Each structure stands twice: as structure tokens, then as C-alpha cells.
Amino acid sequence: MNKKSLFSMLPSVDEVLGASKIIDISKEYPRSLILESIREAIDLKRKEIVRLKEEEVNKFNLNNEEIVESALNRLRINYSLSLKKVINATGTVVHTNLGRSLLSETFKDDLWEAASRYSNLEYNLEKGERGSRYDHLTNTIKRLTKAEDVLVVNNNAAAVLLVLSTLAKDKEAIVSRGELVEVGGSFRIPSIMELSGAKLVEVGATNKTHLKDYEYAINEDTSVLMKVHTSNYRILGFTESVEIDKLSEIGKKYNIPVIEDLGSGVFIDLSKYGLSYEPTVLDSINKGADIVTFSGDKMLGGPQAGIIVGKKEYIDKMKKNQLTRALRVDKLTICALEATLRMYLDEERAIKEIPTLRMLTYKIEELEEKAKKLLNMIDQLKLDAEVCIEDGLSQVGGGSMPLETIKTKVISIMPKIMNVSALEKKLRLGEANIIARVYDNKYVLDVRTIFDDEYEIIVNELDKAFK
Ligand SMILES: *Cc1c(COP(=O)(O)O)cnc(C)c1O
């Protein structure tokens, strides 16, 4: 036996296609994908033969059954969706890499109906004529923020771009040096300003900006005064910035619109629930901001969106900007956003039923109870590891409040028979795709972001990983 004769013994694509196991599934998958997967499986075997050492050639067992199994395996991988559920055991609630905010189950039927049936998306039922997709959000936003009007675009980066492009293109936009930050990953305030065509006028110093700095910079080319809420970065110590109420006074004095990029859209004062205070949208409007922008999927807990609220005269101009068409949101976003916003009309309900808020406001006793339940289930596996409950810190996360940590309870697992990073890898690549943290040589599961119905899955996966 030599390699050449091994190659000639490889089955043809047609032979594998004729295997009974392949025939059984042939109706479930597209034919092109079946053929591709069979070719891949045969090719993998061919590469295995290429790599054989001379003395291994005789012992090599060329098994068609194995190629059929490998083709079926390839087929399942090739056909599965790339975007799939993972278990977030990191404790970071607004986790940008893991999908940011989760939508509330309470409106899942509405969402499916909006997706699968015709709707009045851009149709005014009363008048029997064309309507605006943005009107669906106006009433709820008005109730929540007292703002005159609202416009929603793809995300907050798009919102800032649209606002500046409409109000400040080819004119000057004044912003504090201390607020020219990079937020939410790759969104840079100075770059987005440049992209909008606005001329950026920086005032103040990195650590201190005074009201008079803004006032001195105003001239006949000034179009907006902008404030950016830099929630993901703080200069500590000798600092000063101008609050939105003072900036708004200047804006009124010179008749220049004041815009505030709040970043994370908060509607409830979360300091009542033990988190640090974040300015709410209502605060900004009350304090005189003409336009406020924020994300739909940070602390707000809704779908990805950029929400612009404020004076009708400015929002009307934005609606006429061609960019609005390019940045527009689809009906699923509008449905999910309206349903999420409506929940805020009852604060207690919002805290309970919007997953982001629920997870951020767990009491430590609730977390302890969750941890005990999960620990109990893990203990029954009798893993070759030290397993216990420990105090930990969760993060609010994302571009929301990365500096903010909240006390939590974690399950810490110190394996005795394998290295902790090998355990992490097994669970991450396993069927349930569990994403957890590793520190101090321990595998750490933060119960804050784990759903109750995921406990059993985690236990099963741990069982498999230790075998
Ligand atoms: C997160 C953030 C953005 C970007 O929002 P996206 O919705 O991620 O586009 C812009 N500005 C501020 C202040 C932010 O915190």
C-alpha cells in the first residue's frame, strides 16, 4: 500500500451522495450545500493522507462511513446561523460585544406581528393618506420627556451626525476640549463632527472649561453649542465643566441652539436603586437643551437606535435632510422602541420588565439566592474542582458607564485536573457558548446576567467539560 493507492480509494462525491444517511437528510438542506459539504469532507481526508508518514500508510484505515459523518457535520456547521445565542456570564449588563440590551419578552407578539403583517408604518389611518414612520413615537416621547418632537435613526452616532449636518454644516460648532472623547468603541466626537461638515471650535482646557470660554468663542458663524456627556471617561481632581442649564442660558442670549449628546438614554433616576446618578433625558430638556441625542440600546434597554428629541423647528429641518433617509430605522426598531418606551410610563413596571434595568437593579440578596441555587446544582456534579460563591463586581458596561461597578455574587470554579483557560475555551466553544471571565486562576460566573433557565444548561456543559 502506498499513498497513491490510498488516494484512489477515496470515495467520489456521487458515492457519498448515495449513502443512506445523506439521502435521509437530502430534503432538509439545499443541494448545493450538501455537495459543498461532501467535497469538504473528502478534501479533509485527502489532506490527512498527504500528512501521513510513510510508516503510517499501511495502518491507515480509510472508512467511508467516517467521511459521511464528517460531511454531515460540515453540513450542519455550514447551514447554521452565524449569529446565535450565547450565555453571558460576565456580569456586564450592557455588553456591546454580546448584543448590548435585551428586549423585553412582554411585547414579543407585537414585534412578530409588525414583522409578518402589513402595518400603518407610513400610513395615516385617520386621513387615509401617507403618514410618517416617526409619528408612532411622538406621543410617548412627549409624555416622557416633555420634548416637542422626536426623530429616530440607526444609532446615536448617526443621530449626532444628522444633528450637526443639519444645524452646523459649514458653520462653527463650539464644544469643550474636555468633551472631545472617544465613546462606545470607535465613535470619536471630533471625527463625527468633521464628517458632518461642521467646523469644530474647541474651547477651554482638557480639565477646565468655563462659561466665558464658550461666550468668547461665539461669533456670527456660530451655529450650535454642543455638550457631550462623557460617561465613559472622567477627569478627576482640579476640574470644571459647564452644566447644560448654564450653557442653555448663553444659547438663549445669543439665539444659538444648544445640543446635548447624552450617550446613554436614562429616563429613571437610577440613584434610587444604588447606581450612581446619570442625568435623565427629562433633566436635559427641563434645563433648556434644544436638542438631546441618546442611544436606544444602552441604559434605555431598547433596540439599537439613535433618538433625537427636542424643539420641533430643528427636528423639522432634520426630517428634510437627505441623510435622514440614509440613516432611517426599520419597522422592527420602531415597534420595539415604542413598546419599550411605553413601559417607562409606569416606573415600577419598567424596572421589573425591561431586562437591562432589571439586571442593573437586582438587590444583593436576590443575587445571593441565585448564586446559591446555581452552586447547589453544580455541587451535585462533584466536579474535580474547588467551587464556591464569592463577592464580585459587575459592570454596567458598553459605552454606558464603564467606570461604574456594582457589587454582585459570583460562582468561582478552580479546576484541579485542567488549566482554567482550557476550561474557559471548552465552555466558550461548546454547544451553549458560555462567555465568562477568568481571573486569579479561577473560572468566574457572575449570576447577574445569567437567566434562571440557563442554569441547567451551564450545569450540563460543566459536566461535559470535566469528563
Ligand atoms: C455610546 C455613545 C455614542 C454612540 O452611540 P451608539 O448608539 O453606539 O452609536 C455617542 N455619544 C456618546 C456620549 C455615547 O456614550
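Ligands are counted one by one from 1 in listed order, and the atoms in each one are counted from 1 as well. Just so you know, these numbers come straight off a predicted model, no measurement behind them.
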> Does Lys208 come within less than 4.0 Å of Asp213, counting only side-chain N to carboxylate O?
Replying inline: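 Asp213 and Lys208: not salt-bridged.
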Which of the numbered atoms in ligand 1 are below 4.0 angstrom from a heavy atom of [X]?
X: Arg100; answer: 6 (P), 7 (O), 8 (O)
X: His229; answer: 13 (C)
X: Ser295; answer: 5 (O), 6 (P), 7 (O)
X: Gly263; answer: 12 (C), 13 (C), 14 (C), 15 (O)

> Is the shortest N/O to N/O distance between Asp261 and ligand 1 below 3.5 Å?
Replying inline: yes
>> Below the 3.5 angstrom mark, is there an N/O of Ala157, backbone or side chain, next to an N/O of ligand 1?
In response: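 Between Ala157 and ligand 1, an N or O pair is found under 3.5 Å apart.
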> Should we say atom CZ of Arg358 is surrounded by more than 12 heavy atoms from elsewhere, each under 6.0 Å from it?
Replying inline: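 Above 12, so yes.
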> Where the side chain of Thr166 meets the backbone of Met318, is there a donor-acceptor pair that is under 3.5 Å apart?
Replying inline: no
>> Between Asp269 and Thr280, does the side chain to side chain donor-acceptor pair (under 3.5 Å) criterion hold? Intermediate values first, please.
In response: CA-CA 7 Å; Asp269 174 7; Thr280 64; over 6 Å; no
>> Can you tell me how far apart CE (Met226) and CE (Met193) are? Round to the nearest 0.5 Å.
In response: 5.5 Å
> Closer than 4.0 angstrom: is that true for some heavy atom of Lys298 and an atom of ligand 1?
Replying inline: yes
> Are the side chains of His229 and Pro279 in touch, meaning some heavy atoms are under 4.5 Å apart?
Replying inline: yes
